[in-house]
Amino acid sequence: MPEDTIWFGSHITTIERTKNSQIKLELDDGTQILTKALIGCDGVRSMVAKWMGFSEPHYVGHCAYRGLGVYASGQPYEHKVQYIYGKGIRAGYVPLSSTKIYWFIIFNSHSPGPKITDPNLLKREALGLVQNWPKELVETIENTPAENFVRTPLVDRWLWPVVGPKSTLGGVALAGDAWHPMTPNLGQGACLALEDSILLARKLAKALDVGAPSQTENGQRVKVSSDYFEGSNISSQIEETLQGYATERWPRIFSLTIRANFVGALLQWDNELICSLRNNIIMPKVVQLDPLLEHTKYDCGLLNIN
């Protein structure tokens with residue numbers, strides 16, 4: 001990619017539509033950018049999504065602690081995910097390498113609570129939630145450096161058809177958490193974001209390639225003149241492509257967001273009888289049935305934009 005294609009540490013402060021239908025962005029350092037297309041990949045609290053009219057993500061009633069336990073001399077556990085369920089709380093851990101273990105705790109909370117910035121307090125609170133739980137989990141949390149602790153409220157956004165804002169708006173679209181934040185209960189949030197990026201890149205590359213005048217030199221393709229990208233026709237091609245992307249992605253995104261929410265509600269039950277049913281029947285026998293894991297077999301295809 002050309003130099004200056006990627007800018008790090010850039011935060012959008014304002015977005016507006018110009019008289020000639022371009023999109024003007026202003027960054028917090030005063031930089032202004034004019035563009036014919038804008039893809040908002042700016043996370044759960046997306047400025048682009050807000051500008052497009054999307055609501056703030058909805059808090060689902062659970063918070064999560066996450067961290068990375070460090071075993072400098074080597075961690076002792078086999079490479080598989082371990083889950084532990086309680087009443088209104090659950091946890092799990094999985095080795096990522098020979099020295100690091102990822103762990104999480106998800107617990108019911110009526111409100112997201114205040115933001116905690118003291119890492120030592122985060123560690124104490126996390127340990128307090130599971131102090132009488134299996135020693136392997138407690139040990140992993142104890143072996144987590146204070147700076148590796150994260151506490152987040154879990155949120156999602158259900159993209160209801162018709163009543164919600166349009167998924168594209170004059171050359172503007174969204175991808176990843178900016179568009180479809182979801183709870184982590186299916187492990188699909190980052191997967192969906194990657195799928196978005198592959199499908200969107202493939203569609204945009206094809207649209208620009210088909211629309212651009214063919215230019216070759218000695219049998220090799222050469223760079224298309226920038227004049228082509230200044231024409232009004234390219235704007236309509238981009239908008240049509242973004243609409244096609246959003247239409248194709250919506251069914252999978254919508255269904256998985258709702259399913260993840262329902263699974264979270266199931267796993268966070270705090271009634272003792274229902275928890276027993278969950279632990280002894282639903283989790284070991286029902287959840288593992290192949291139809292319930294069909295979403296993990298999705299293939300978004302290859303990028304193929306040579």
Side-chain angles (χ1 to χ4, degrees), residues 43-46 49-50 54-67 81-94 102-119 121-133 137-138 141 149-161 163-165 174 176-193 252-284 286-287 292 295:
V44 174
R45 305 299 175 186
S46 169
K50 183 178 180 180
F54 283 89
S55 62
E56 285 290 311
H58 170 71
Y59 174 62
V60 300
H62 324 309
C63 291
Y65 278 101
R66 300 180 177 95
V81 183
Q82 301 287 348
Y83 293 106
I84 308 107
Y85 300 101
K87 292 187 291 184
I89 184 172
R90 59 192 154 109
Y93 59 93
V94 58
Y102 166 76
W103 60 268
F104 68 86
I105 302 170
I106 298 179
F107 60 99
N108 292 353
S109 178
H110 293 299
S111 71
K115 184 176 181 178
I116 301 174
T117 56
D118 181 352
L121 178 57
L122 291 175
K123 186 169 187 174
R124 288 198 300 272
E125 290 196 354
L127 284 169
L129 288 170
V130 295
Q131 58 184 342
N132 296 317
W133 285 38
L137 173 66
V138 175
I141 298 174
F149 280 78
V150 176
R151 183 188 187 277
T152 52
L154 301 187
V155 300
D156 64 14
R157 179 189 292 131
W158 293 16
L159 300 174
W160 292 106
V163 296
L174 300 167
D177 282 349
W179 186 18
H180 46 76
M182 64 188 299
T183 56
N185 303 301
L186 297 179
Q188 290 293 297
C191 298
L192 289 178
R252 177 168 168 79
I253 288 166
F254 185 61
S255 62
L256 286 180
T257 301
I258 294 177
R259 194 187 308 180
N261 185 290
F262 285 171
V263 168
L266 167 73
L267 296 178
Q268 294 299 133
W269 276 332
D270 54 12
N271 177 279
E272 187 168 352
L273 178 61
I274 296 179
C275 284
S276 177
L277 178 69
R278 175 198 64 193
N279 297 345
N280 296 297
I281 298 177
I282 295 176
M283 294 309 298
V286 177
V287 170
L292 296 180
H295 64 275

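Quantities reported herein were computed from a predicted structural model and do not represent experimental measurements.
- Ring geometry for Y83 against Y85 counts as parallel: the plane angle stays under 30°, on a 0 to 90° scale with 60° as the upper cut.
- In this structure, H58 NE2 and R157 CZ are separated by 12.5 Å, a value rounded to the nearest 0.5 Å.
- Among all heavy-atom pairs drawn from H62 and A265, the shortest one is NE2-N, 4.3 Å.
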>> If you apply the rule ring-ring contact (aromatic ring centres under 6.0 Å, His included), what do you find for Y65 with W103, and how did you get there?
In response: CA-CA 8 Å; Y65 278 101; W103 60 268; 7.3 Å; no
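- Within the 4.5 Å cutoff, the side chain of P119 has no heavy atoms near those of the F149 side chain.
- Scanning all heavy atoms of the two residues, the minimum distance from V44 to P181 falls at CG2-CB, 4.3 Å.
- Atoms CG and CG, on L192 and D177 in that order, are 9.0 Å from each other to the nearest 0.5 Å.
- A donor-acceptor pair is defined here as one N or O able to donate and one able to accept, closer than 3.5 Å; no such pair exists between the side chain of Q82 and the backbone of Y93.
- Considering T257, N261, N185 as possible partners of D156, the one that fulfils the side-chain hydrogen bond (donor to acceptor under 3.5 Å, both in side chains) test is N261.
- Closest approach of C63 to S111, counting heavy atoms only: SG-O, 4.2 Å.
- From Y59, atom OH reaches atom NE2 of H110 across 9.0 Å, with rounding to the nearest 0.5 Å.
- Atom CZ of R151 is separated from atom CD1 of I105 by 11.0 Å, given to the nearest 0.5 angstrom.
- Between I282 and L266, the closest side-chain pair of non-hydrogen atoms falls below 4.5 Å.
- Counting heavy atoms from C-beta on, the side chains of R90 and I84 never come closer than 4.5 Å.
- Between R278 and L267, the shortest heavy-atom distance links the atoms NH1-O, 2.7 Å.
- With a 4.5 Å cut-off on side-chain heavy atoms, P57 and W158 do not count as touching.
- Shown here for L159 and I253, the closest heavy-atom pair between the two residues is CD1-CG2, 3.8 Å.
- A 4.5 Å side-chain heavy-atom check between I89 and N108 finds every atom pair outside the cut-off.
- Pairing each heavy atom of S46 with each of L174, the nearest pair is OG-CD2, 4.2 Å.
- Atoms CD and SG, on Q268 and C275 in that order, are 9.5 Å from each other to the nearest 0.5 Å.
- Interatomic distance, CD1 of I116 versus CG of D118, reported as 8.5 Å (0.5 Å rounding).
- Annotation: side chain of R66 is in contact with side chain of P184 (closest heavy-atom distance under 4.5 Å).
- Using modelled atom types, one finds no donor on one side chain facing an acceptor on the other under 3.5 Å when comparing R252 with H295.
- With respect to R45 and E56, a salt bridge is recorded, a charged nitrogen being found less than 4.0 Å from a carboxylate O.
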